[in-house]
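A short write-up of the structure that comes next.
Any value given below was found using the heavy atoms of this structure, including those in side chains, with hydrogens, waters and symmetry copies removed. In this text, all values refer to a predicted model and were calculated from it rather than measured experimentally.
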Amino acid sequence: MNKLLIAAFVSMLLAAGASAEHHTGGKHKNKLLSKLELTEEQKQPVADILKEQWKKSREIMEPAFEQVRPQMEALHEKTRQRLAGVLTEEQLQKYDKMSSKRHKRMNKRYSHR
């Protein structure tokens, strides 16, 4: 059961990487902690363990992200070119704005060292 919970949490953290709040687990960590119905004595140790796990996960993921960054940037540009053939100019500008925000968050997250 514990391994299942840990695996679920790791999957959730990896999927939730888009939000700056996730640098420490944020609201998703709190939601998980709430669903586990922890006692007061369990809350802080579990939160500390999960925070440490999140930090170590990031340390593992950073080199992988740097390695695939050029491929991801090329894919993004190809996608944008294809979207330009479908979207209106206004829609493409909105897409660019949303995409730019996402890229800034990711670059900040993985380029801070």
Side-chain angles (χ1 to χ4, degrees):
M1 180 77 165
N2 286 341
K3 289 181 182 180
L4 180 61
L5 289 174
I6 292 169
F9 185 73
V10 169
S11 297
M12 181 181 65
L13 284 176
L14 293 175
S19 169
E21 188 173 359
H22 294 111
H23 287 286
T24 59
K27 66 182 178 180
H28 294 283
K29 177 184 73 177
N30 293 336
K31 189 175 185 179
L32 177 69
L33 295 176
S34 173
K35 287 186 176 198
L36 291 176
E37 299 177 16
L38 301 174
T39 66
E40 286 302 315
E41 294 80 28
Q42 292 174 311
K43 287 180 182 178
Q44 192 60 52
V46 170
D48 291 345
I49 291 167
L50 296 178
K51 185 175 180 180
E52 180 182 344
Q53 185 273 332
W54 175 248
K55 181 182 177 205
K56 288 181 180 182
S57 293
R58 285 192 49 195
E59 291 170 0
I60 293 168
M61 295 297 291
E62 282 184 46
F65 178 78
E66 290 303 321
Q67 188 174 14
V68 299
R69 182 189 302 258
Q71 295 166 328
M72 294 302 293
E73 288 174 354
L75 177 61
H76 169 73
E77 184 55 34
K78 183 175 181 177
T79 300
R80 189 198 180 283
Q81 290 173 359
R82 292 179 64 203
L83 289 172
V86 178
L87 300 177
T88 67
E89 186 60 34
E90 183 179 328
Q91 290 169 326
L92 190 58
Q93 288 175 2
K94 286 180 184 180
Y95 169 80
D96 286 342
K97 186 175 180 179
M98 292 184 306
S99 183
S100 176
K101 285 181 183 180
R102 183 175 55 82
H103 281 103
K104 285 179 184 177
R105 282 193 311 265
M106 290 191 67
N107 286 333
K108 182 178 178 183
R109 180 173 297 143
Y110 293 106
S111 299
H112 70 285
R113 292 178 189 232

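Residue pairs meeting the ring pair (Phe, Tyr, Trp, His ring centres under 6.0 Å) criterion with at least one member in residues 79-99: none, sequence neighbours excluded.
For the pair Gln93 and Leu87, the minimum side-chain heavy-atom distance is 4.5 Å or more. Between Arg69 and Glu73, some side-chain heavy-atom pair lies under the 4.5 Å cut-off. Contact of the Glu59 side chain with the Lys56 side chain is registered, since non-hydrogen atoms from C-beta on lie closer than 4.5 Å. Side-chain contact check for Lys101 versus Lys97: some heavy-atom pair is nearer than 4.5 Å.
With sequence neighbours left out, the side chain to side chain contact (heavy atoms under 4.5 Å, CB included) criterion links Ser34 to no other residue. Residues passing the salt bridge (charged side-chain N to carboxylate O under 4.0 Å, His left out) test with Glu41, sequence neighbours excluded: none.
For the atom pair CG of Leu92 and NZ of Lys94, the computed distance is 12.0 Å after rounding to the nearest 0.5 Å. If you take NE2 on His76 and CD on Gln71, they are separated by 15.5 Å, rounding to the nearest 0.5 Å.
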>> side-chain contact (heavy atoms from CB on, under 4.5 Å), that's the test. Do Glu62 and Glu66 meet it? Break it down for me.
In response: CA-CA 6 Å; Glu62 282 184 46; Glu66 290 303 321; 5.7 Å; no

>> Show, in sequence, the C-alpha distance, side-chain angles and deciding distance for Arg80 and Ser99, and conclude whether the side-chain contact (heavy atoms from CB on, under 4.5 Å) test is met.
In response: CA-CA 10 Å; Arg80 189 198 180 283; Ser99 183; over 6 Å; no

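Heavy-atom neighbours of Glu90 CD from other residues, nucleotides or ligands within 6.0 Å: at or below the threshold of 12. The neighbour count for Gln81 CD, taken as heavy atoms of other residues, nucleotides or ligands under 6.0 Å away, is above 12.
The backbone N or O of Gln53 lies less than 3.5 Å from a partner atom in the side chain of Ser57, making a donor-acceptor pair.
Closest approach of Leu38 to Lys43, counting heavy atoms only: O-CE, 3.7 Å.
Linking ILVMFWY side-chain heavy atoms closer than 4.5 Å, directly or via other members, places Val68 and Leu75 in two distinct hydrophobic clusters.
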